[in-house]
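FYI, the numbering just counts along the sequence from 1.
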Amino acid sequence: MKTLVIYTSQTGFTKRYAGWISEELNADLYDLNDAKKKADSFFEPYEAIVYAGWCMAGKVVKVNWFMDKAVCWKGKRLAIVAVGASPNDNPEVDEFLDNVMTEEQCKIMKVFYCQGGINYDRMNFFFKNINENVCQCFEE
């Protein structure tokens, strides 16, 4: 089955999962920025398309691009892989998965969660600043 894996990653965890999925499925692998530049005809030969994105504030980052495209990808097998810092057994993960997609979207794609982590060194300034401010709230 001709498969495409598209990902966006801030600190490397999602990129690593996307690479593993791509390798296991013998799939083509594209960064989201590169995939966005492709014409709609580029996606036609693919029978399955996976979007891997990192989680922030109860959402999968930049998933709207995938959701918008998915409407045109009738008959393809579609999946979202959400990578977050919460452990897989955290009850909030189940709640998150229940709210990632609408009922209509659940009919055409599946969603999965993979535990990632936090890589402070690879965070951009904005997220480092937020992280520092949150940590300061808990210091005595």
Could you go through the side-chain contact (heavy atoms from CB on, under 4.5 Å) check for V100 and V60 one step at a time?
CA-CA 8 Å; V100 168; V60 180; 4.3 Å; yes
How long is the gap from CD on E24 to OG1 on T3, to the nearest 0.5 Å?
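Here the rounded value is 11.5 Å.
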Give, for atom CG of L78 and atom CG of L4, the distance between the pair rounded to the nearest 0.5 Å.
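Result: 10.5 Å between the selected atoms.
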Any side-chain heavy atom of [X] within less than 4.5 Å of one from [Y]?
X	Y	answer
R77	K110	no
W65	I6	yes
V63	I80	yes
M109	M67	yes
D28	K2	yes
V111	M101	yes
L29	Y7	yes

Run the side-chain contact (heavy atoms from CB on, under 4.5 Å) test against V93 and tell me which residues pass, sequence neighbours left out.
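Expected list: S86, N90, L97, Y113.
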Name all residues meeting the side-chain contact (heavy atoms from CB on, under 4.5 Å) criterion together with I21; count only those two or more places apart in sequence or in a different chain, and write none if there are none.
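Counting only residues at least two positions away or on another chain, I21 forms a side-chain contact (heavy atoms from CB on, under 4.5 Å) with V5, L25, V81.
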Salt bridge (Lys or Arg N to Asp or Glu O under 4.0 Å) partners of residues 42-62, not counting sequence neighbours, each pair once
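Not a single pair qualifies under salt bridge (Lys or Arg N to Asp or Glu O under 4.0 Å).
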Under the rule for salt bridge (Lys or Arg N to Asp or Glu O under 4.0 Å), what residues qualify as partners of [X], not counting sequence neighbours?
X	answer
K38	none
K76	none
D31	none
K107	E104

Just jot down the side-chain hydrogen bond (donor to acceptor under 3.5 Å, both in side chains) partners of D40, sequence neighbours excluded, or say none.
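Per chain and number, D40 pairs via side-chain hydrogen bond (donor to acceptor under 3.5 Å, both in side chains) with K69.
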Sequence neighbours excluded, which residues qualify as side-chain hydrogen bond (donor to acceptor under 3.5 Å, both in side chains) partners of T102?
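Scan of T102 (side-chain hydrogen bond (donor to acceptor under 3.5 Å, both in side chains), adjacent residues dropped) gives Q105.
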I'd like to know if the side chain of S9 and the backbone of K15 have a donor-acceptor N/O pair within less than 3.5 Å.
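Yes, S9 side chain to K15 backbone: donor-acceptor pair under 3.5 Å.
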Measure from the side-chain N and O atoms of S22 to the backbone N and O of W20, and report whether any donor-acceptor pair falls under 3.5 Å.
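Not a single qualifying donor-acceptor pair exists.
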Any ring-ring contact (aromatic ring centres under 6.0 Å, His included) pairs touching residues 79-99, not counting sequence neighbours?
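Every pair satisfying ring-ring contact (aromatic ring centres under 6.0 Å, His included) with a residue in residues 79-99: there are none.
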Mind jotting down which residue pairs meet the ring-ring contact (aromatic ring centres under 6.0 Å, His included) criterion with at least one end in residues 67-86? Sequence neighbours excluded, please.
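Qualifying pairs, neighbours excluded: F43-W73, F66-W73.
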Which atom pair, heavy atoms only, marks the closest approach of A52 to A18?
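In terms of heavy atoms, the two residues are closest at CB-CB, 4.3 Å.
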By ring-ring contact (aromatic ring centres under 6.0 Å, His included) - contacts of Y46 (at least two apart)
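With neighbours one apart ignored, the set is F42.
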Crowding at CG, N26 (>12 non-hydrogen neighbours, <6.0 Å):
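Atom CG in N26 is not packed in, count stays at 12 or less.
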